[in-house]
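What follows is one structure encoded as structure tokens, with my remarks underneath.
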Amino acid sequence: MDTPVDISAIRLETARLVLRPWKETDLADFYEYASVEGVGEMAGWRHHTSLDESRRILNSFIAEKNVFAVTDRKTGKVIGSLGLHPSWANREAAYAPLKIKELGYVLSRDYWGQGLMPEAVREVLRFCFEDLGLDGVSISHFRENRQSRRVIEKCGFRFIQNGEYYAGPLNKTFEDCRYLLLREEFRG
Ligand SMILES: CC(C)(COP(=O)(O)OP(=O)(O)OC[C@H]1O[C@@H](n2cnc3c(N)ncnc32)[C@H](O)[C@@H]1OP(=O)(O)O)[C@@H](O)C(=O)NCCC(=O)NCCS
């Protein structure tokens with residue numbers, strides 16, 4: 001079953017990052033990374049082409065209360081996002097009764113390759129299992145997306161199945177690879 005989440009009063013910290021709710025004043029930082037061609041496309045959305053487009057999406061993050069702003073702990077700059085979404089697993093008979101959320105993330109290209117997203121994901125997993133009491137956390141990547149696959153492997157997810165994902169903004173269907181981590185498999 002899908003589980004409602006509300007991260008609007010949550011702040012998570014790691015050695016190098018702070019994850020917190022989005023604010024309207026994050027617009028410039030959001031547009032800076034979301035307007036880089038080829039970044040959002042790896043996650044199924046088109047890079048932003050105007051501040052208005054970024055503002056509309058930022059406002060949806062604030063309203064839906066399910067996406068963290070990923071910020072650089074030293075500078076406070078917003079360098080990515082990490083969201084908790086409805087999961088494909090809840091459409092599978094085997095997992096339908098479980099409380100599961102699907103993680104989705106993007107990091108500014110300027111910060112790739114430093115292990116930052118695995119660091120964020122590990123803390124969000126702790127939050128999901130220990131604070132939210134979820135039964136499982138799922139995650140998926142497009143088959144060609146090696147970078148996301150590596151994050152998923154490093155965070156200990158278990159491959160479950162291949163599937164298909166229609167990315168509306170790109171009007172394209174991708175083959176995707178789906179993974180799950182159950183609470184009893186999580187080694188905090
Ligand atoms: C996926 C993503 C969040 C990874 O974040 P990250 O903090 O860079 O993760 P890591 O530092 O662990 O790097 C992951 C892999 O990317 C590789 N990588 C790093 N920089 C790279 C670059 N510029 N080009 C290609 N690969 C790169 C690394 O080699 C690493 O693999 P390794 O652990 O085998 O060495 C980031 O690449 C991203 O935002 N991509 C675009 C959006 C996206 O794909 N979202 C996920 C949708 S499922």
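Start at 1 and go down the list; that is how both ligands and their atoms are numbered. All figures in this text were calculated on a predicted structure; none of them were measured in a lab.
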Report, in ascending order of atom number, the atoms of ligand 1 lying under 4.0 Å from any heavy atom of [X].
{"X": "V151", "answer": "4 (C), 9 (O)"}
{"X": "S148", "answer": "1 (C), 46 (C), 48 (S)"}
{"X": "Q114", "answer": "11 (O)"}

Worksheet item: Under 4.5 Å between any side-chain heavy atoms of F127 and I7, yes or no?
Response: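 In contact.
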Counting only heavy atoms closer than 4.0 Å, does ligand 1 sit against the backbone of [X], its side chain, both, or neither?
{"X": "I139", "result": "neither"}
{"X": "P118", "result": "side chain"}
{"X": "M117", "result": "both"}
{"X": "S140", "result": "backbone"}
{"X": "Y105", "result": "both"}

Tell me, which protein residue and heavy-atom name are nearest [atom], and how many Å apart are they?
{"atom": "atom 34 (O) of ligand 1", "result": "R150 NE, 2.6 Å"}
{"atom": "atom 16 (O) of ligand 1", "result": "Q147 CG, 3.2 Å"}
{"atom": "atom 8 (O) of ligand 1", "result": "G113 N, 2.8 Å"}
{"atom": "atom 39 (O) of ligand 1", "result": "L107 N, 2.8 Å"}
{"atom": "atom 33 (O) of ligand 1", "result": "K154 NZ, 2.8 Å"}
{"atom": "atom 40 (N) of ligand 1", "result": "W112 CZ2, 3.5 Å"}
{"atom": "atom 28 (C) of ligand 1", "result": "R146 NH1, 4.3 Å"}

Would you say [Y] and [X] are linked by a side-chain donor-acceptor pair, where the criterion is simply a distance under 3.5 Å?
{"X": "S54", "Y": "H48", "answer": "yes"}
{"X": "E102", "Y": "S140", "answer": "yes"}
{"X": "N171", "Y": "Y166", "answer": "yes"}

Discussion item. With a 6.0 Å cut-off (strictly less than), is the heavy-atom count around NZ of K65, excluding the residue itself, greater than 12?
Written reply: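 Incorrect, the count does not exceed 12.
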Item to complete: Please indicate whether K154 has more than 12 foreign heavy atoms, meaning atoms of other residues, nucleotides or ligands, lying under 6.0 Å from its NZ.
Response: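 Yes - once you tally the heavy atoms of other residues, nucleotides and ligands closer than 6.0 Å, there are more than 12.
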Can [X] and [Y] be counted as an ion pair, charged N to O under 4.0 angstrom?
{"X": "D135", "Y": "R183", "result": "yes"}
{"X": "R126", "Y": "D131", "result": "yes"}
{"X": "E144", "Y": "R146", "result": "no"}

Practice prompt. Carefully, step by step, assess D52 and R55 under the rule salt bridge (charged side-chain N to carboxylate O under 4.0 Å, His left out).
Written response: CA-CA 5 Å; D52 274 349; R55 184 181 293 109; 2.5 Å; yes
Worksheet item: Has ligand 1 got any nitrogen or oxygen that is less than 3.5 angstrom from a nitrogen or oxygen of N145?
Response: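 The answer is yes, given that N145 and ligand 1 share an N or O pair closer than 3.5 Å.
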Item to complete: Please determine if G115 has a nitrogen or oxygen closer than 3.5 Å to a nitrogen or oxygen of ligand 1.
Response: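 Checking ligand 1 against G115, an N or O pair does fall under 3.5 Å apart.
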